Amino acid sequence: MIELRPFASLGGANHGWLDAKHHFSFANYYDPKRESWGNLRVWNDDTIAAQSGFPPHAHRDMEIITYVREGAITHQDSLGNLGRTEAGDVQVMSAGTGITHAEYNKEDVTTKIFQIWILPTRTGEKPSWGARPFPKGERSGRFVTLASGFANDDDALPIRTDARVLGASLRAGETISYPLGKDRRAYLVPATGAVEIDGTRANARDGVAIRDVETLTVTAIDDSEIVLVDAA
């Protein structure tokens, strides 16, 4: 099953400093058909104005992955972590037993991110934070695992859940495959460009919910940058 969720159909709110679009029910947006996708609970498409951001707030029992599309985001938390994550890089916060953090766009330009929340399958552990670069050239024509809860994904940022977050950069006409498995669910969003997934076209920032597919095949219609979550 492949279900297209066009960008225009997403919920959201424009707060001035933040223009947020929600692939799943979040804050004041509620759609009973879009509460989650397996363990994937949130996929927010956030545009954050220069010199603004999210003040300190608390989380627990959630894996929060931030994929920076443009600009940069600066993270600060109650563990003493302070880090700037720029376009092309990824950060992961495992909220664990509880953490307070703030996320600011301290740049003089707009920052655009995907923020992805996945329910943990391991709980009761201390919170943690980490970030690393993932050069887009290394993702050219193939999926690269950005964050993973599987022990053999050594180069990925660790998360405490039975899931992977992957990225790929494709030139127009390129095709790649991913061995999903019919017992898994996937959610794919093109950050840029347009792609076709087993015959379904998805434009930039559309969502595609996928299940009951053994092998997922993606063909780029335009030069494209895609993000994929493989979750239980």
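Owing to the predicted nature of the structure, the values given are computational and were not obtained by experimental measurement. All values below come from the heavy atoms of this structure, side chains included, with hydrogens, waters and symmetry mates left out.
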**Student:** Under 3.5 Å, is there a donor on one side chain and an acceptor on the other for Gln91 and Gln115?
**Tutor:** no
**Student:** Run the side-chain hydrogen bond (donor to acceptor under 3.5 Å, both in side chains) test against Arg201 and tell me which residues pass, sequence neighbours left out.
**Tutor:**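 Applying side-chain hydrogen bond (donor to acceptor under 3.5 Å, both in side chains) to Arg201 gives Asn203.
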**Student:** Cut-off 3.5 Å, side chains only: do Ser78 and Thr100 have a donor facing an acceptor?
**Tutor:**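 No donor-acceptor contact under 3.5 Å links the two side chains.
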**Student:** Atom CD in Glu225, atom CG in Asp223: separation rounded to 0.5 Å?
**Tutor:** 11.5 Å
**Student:** Taking all heavy atoms of Ala72 and all of Glu107, pick out the closest pair and write down the distance.
**Tutor:** CB-OE2, 3.6 Å
**Student:** Working to the nearest 0.5 angstrom, can you tell me the gap between Leu10 CG and His23 NE2?
**Tutor:**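 The distance works out to 4.5 Å.
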**Student:** State plainly whether one hydrophobic cluster holds both Val92 and Ile73, where clusters connect Ile, Leu, Val, Met, Phe, Trp and Tyr through side-chain heavy atoms under 4.5 angstrom apart.
**Tutor:** no
**Student:** Less than 4.5 Å apart, side chain to side chain, heavy atoms only: is that true for Thr74 and Asn105?
**Tutor:**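 Side-chain contact under 4.5 Å: no.
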**Student:** So if you build clusters from Ile, Leu, Val, Met, Phe, Trp, Tyr with side-chain heavy-atom gaps below 4.5 Å, do Val68 and Leu18 land together?
**Tutor:**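 Val68 and Leu18: one cluster.
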**Student:** Step by step, work out the side-chain contact (heavy atoms from CB on, under 4.5 Å) result for Ile118 and Val229.
**Tutor:** CA-CA 9 Å; Ile118 307 175; Val229 170; 4.1 Å; yes
**Student:** Counting C-beta onward and ignoring hydrogens, is there a side-chain heavy-atom pair between His75 and Asn81 closer than 4.5 Å?
**Tutor:** yes
**Student:** Could you report the tightest heavy-atom contact between Thr145 and Ala156, atom names first, then the distance?
**Tutor:**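 In this case the closest contact between Thr145 and Ala156 is O-CB, 3.6 Å.
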**Student:** Verify, without hydrogens or angle tests, whether Arg185 (side chain) and Leu40 (backbone) share a donor-acceptor contact under 3.5 angstrom.
**Tutor:**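 Such a contact is absent between Arg185 side chain and Leu40 backbone.
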**Student:** Hydrophobic clustering (ILVMFWY, side-chain heavy atoms < 4.5 Å, transitive) - are Phe7 and Leu4 grouped together?
**Tutor:** no
**Student:** Is there a side-chain contact between Thr66 and Thr85 in this structure, where contact means two heavy atoms from C-beta onward sitting under 4.5 Å apart?
**Tutor:** no
**Student:** Indicate the atoms forming the closest heavy-atom contact of Ala147 with Ile65, along with that distance.
**Tutor:**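 Closest approach of Ala147 to Ile65, heavy atoms only: CB-CG1, 4.4 Å.
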**Student:** Can we say Glu63 and Arg41 salt-bridge, meaning some charged N sits less than 4.0 Å from an Asp/Glu carboxylate O?
**Tutor:** no
**Student:** Linking I/L/V/M/F/W/Y whenever their side-chain heavy atoms sit closer than 4.5 Å, directly or via other members, would Leu180 and Val218 fall into one cluster?
**Tutor:** yes
**Student:** Working to the nearest 0.5 angstrom, can you tell me the gap between Glu70 CD and Ile48 CD1?
**Tutor:** 11.5 Å
**Student:** Donor-acceptor pair, distance only, cut-off 3.5 Å: does the side chain of Asp222 make one with the backbone of Ser224?
**Tutor:**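 No, Asp222 side chain to Ser224 backbone: no donor-acceptor pair under 3.5 Å.
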**Student:** Can you tell me if Asn14 has over 12 outside heavy atoms packed within less than 6.0 Å of its CG?
**Tutor:** yes
**Student:** Given Val165 and Leu228, is the side-chain contact (heavy atoms from CB on, under 4.5 Å) satisfied, shown in steps?
**Tutor:** CA-CA 6 Å; Val165 181; Leu228 172 71; over 6 Å; no
**Student:** Can you sort out the partners of Trp37 under side-chain hydrogen bond (donor to acceptor under 3.5 Å, both in side chains), two or more places apart, ordered by chain and number?
**Tutor:** none
**Student:** For a quick test of reading the model, state the closest non-hydrogen atom pair linking Ser52 to Ala49 and the distance between them.
**Tutor:**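 In this case the closest contact between Ser52 and Ala49 is OG-O, 2.6 Å.
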**Student:** At what distance, to the nearest 0.5 angstrom, does NE2 of His15 lie from OG1 of Thr47?
**Tutor:**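 So the NE2 of His15 and the OG1 of Thr47 are separated by 12.0 Å.
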**Student:** What pairs with Asp153 under salt bridge (charged side-chain N to carboxylate O under 4.0 Å, His left out), at least two apart in sequence or on another chain?
**Tutor:**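 Asp153: salt bridge (charged side-chain N to carboxylate O under 4.0 Å, His left out) contacts with Arg164.
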**Student:** May I ask you to test the Ile226-Val195 pair for a side-chain heavy-atom distance under 4.5 Å?
**Tutor:**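 Yes, close enough: below the 4.5 Å cut-off.
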**Student:** If you measure from CZ on Phe150 to OG1 on Thr161, what distance do you get to the nearest 0.5 Å?
**Tutor:**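 Phe150 atom CZ to Thr161 atom OG1 measures 8.5 Å (nearest 0.5 Å).
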**Student:** Spell out, as yes or no, whether a donor-acceptor pair under 3.5 Å connects the side chain of Glu174 to the backbone of Arg171.
**Tutor:**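 Pair found, side chain donor or acceptor close to backbone of Arg171.
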**Student:** Tell me, with the steps shown, if Phe143 and Ile176 meet side-chain contact (heavy atoms from CB on, under 4.5 Å).
**Tutor:** CA-CA 8 Å; Phe143 280 113; Ile176 56 174; 3.4 Å; yes
**Student:** Going by salt bridge (charged side-chain N to carboxylate O under 4.0 Å, His left out), name the residues that satisfy it together with Arg5, two or more places apart in sequence or in a different chain.
**Tutor:** Glu3
**Student:** Return the CG to CG distance between Asp230 and Leu216, rounded to the nearest 0.5 Å.
**Tutor:** 9.5 Å
**Student:** Stepwise, does the side-chain contact (heavy atoms from CB on, under 4.5 Å) test hold for Lys112 with Asp46?
**Tutor:** CA-CA 6 Å; Lys112 297 181 180 181; Asp46 291 339; over 6 Å; no
**Student:** Side chains of Trp129 and Leu82: closer than 4.5 Å at any heavy-atom pair?
**Tutor:**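 No; the side chains remain at least 4.5 Å from each other.
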**Student:** Are Val144 and Phe134 side-chain neighbours, meaning at least one heavy-atom pair lies under 4.5 Å?
**Tutor:**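 They are in side-chain contact.
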**Student:** Using only atom types and a distance under 3.5 Å, with no angle test, would you say the side chain of Thr97 pairs donor to acceptor with the backbone of Gly124?
**Tutor:** no
**Student:** My understanding is that only one of Leu146, Val227, Val42 makes a side-chain contact (heavy atoms from CB on, under 4.5 Å) with Ile116; could you say which?
**Tutor:**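 With Ile116 as partner, Leu146, Val227, Val42 yield a single side-chain contact (heavy atoms from CB on, under 4.5 Å), made by Val227.
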**Student:** Evaluate the side-chain proximity of Ile2 to Val208: yes if any heavy-atom separation is below 4.5 Å, no if none is.
**Tutor:** yes
**Student:** Regarding Arg34 and Ser9, do their side chains bring together a donor and an acceptor under 3.5 Å, going by distance alone?
**Tutor:**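 The answer is yes; a qualifying pair exists.
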**Student:** Could I get the full list of salt bridge (charged side-chain N to carboxylate O under 4.0 Å, His left out) partners for Arg69, not counting sequence neighbours?
**Tutor:** Asp45
**Student:** So, using side-chain hydrogen bond (donor to acceptor under 3.5 Å, both in side chains) as the criterion, who are the partners of Ser128 when residues are at least two apart?
**Tutor:** Arg160
**Student:** Between Ile197 and Ala202, which heavy-atom pair has the shortest distance, and what is it?
**Tutor:**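 In terms of heavy atoms, the two residues are closest at CD1-CB, 3.9 Å.
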**Student:** Any salt bridge linking Arg184 with Asp162? Criterion: basic side-chain nitrogen under 4.0 Å from a carboxylate oxygen.
**Tutor:** yes
**Student:** Looking only at heavy atoms, which two atoms of Ala102 and Pro55 are closest? And how far apart?
**Tutor:** CB-C, 4.0 Å
**Student:** Among Phe26, Trp43, Phe24, exactly one meets ring pair (Phe, Tyr, Trp, His ring centres under 6.0 Å) together with Trp117. Which residue is that?
**Tutor:**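 Exactly one option meets the ring pair (Phe, Tyr, Trp, His ring centres under 6.0 Å) with Trp117, and it is Phe26.
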**Student:** Is there a path of hydrophobic side-chain contacts, each under 4.5 Å between heavy atoms of I, L, V, M, F, W or Y residues, that connects Leu170 with Ile210?
**Tutor:**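 Per the 4.5 Å side-chain linkage, Leu170 and Ile210 are co-clustered.
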**Student:** Measure the shortest side-chain to side-chain distance between Asp198 and Thr200 over non-hydrogen atoms and say whether it is less than 4.5 angstrom.
**Tutor:**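 Counting from C-beta outward, Asp198 and Thr200 never come under 4.5 Å.
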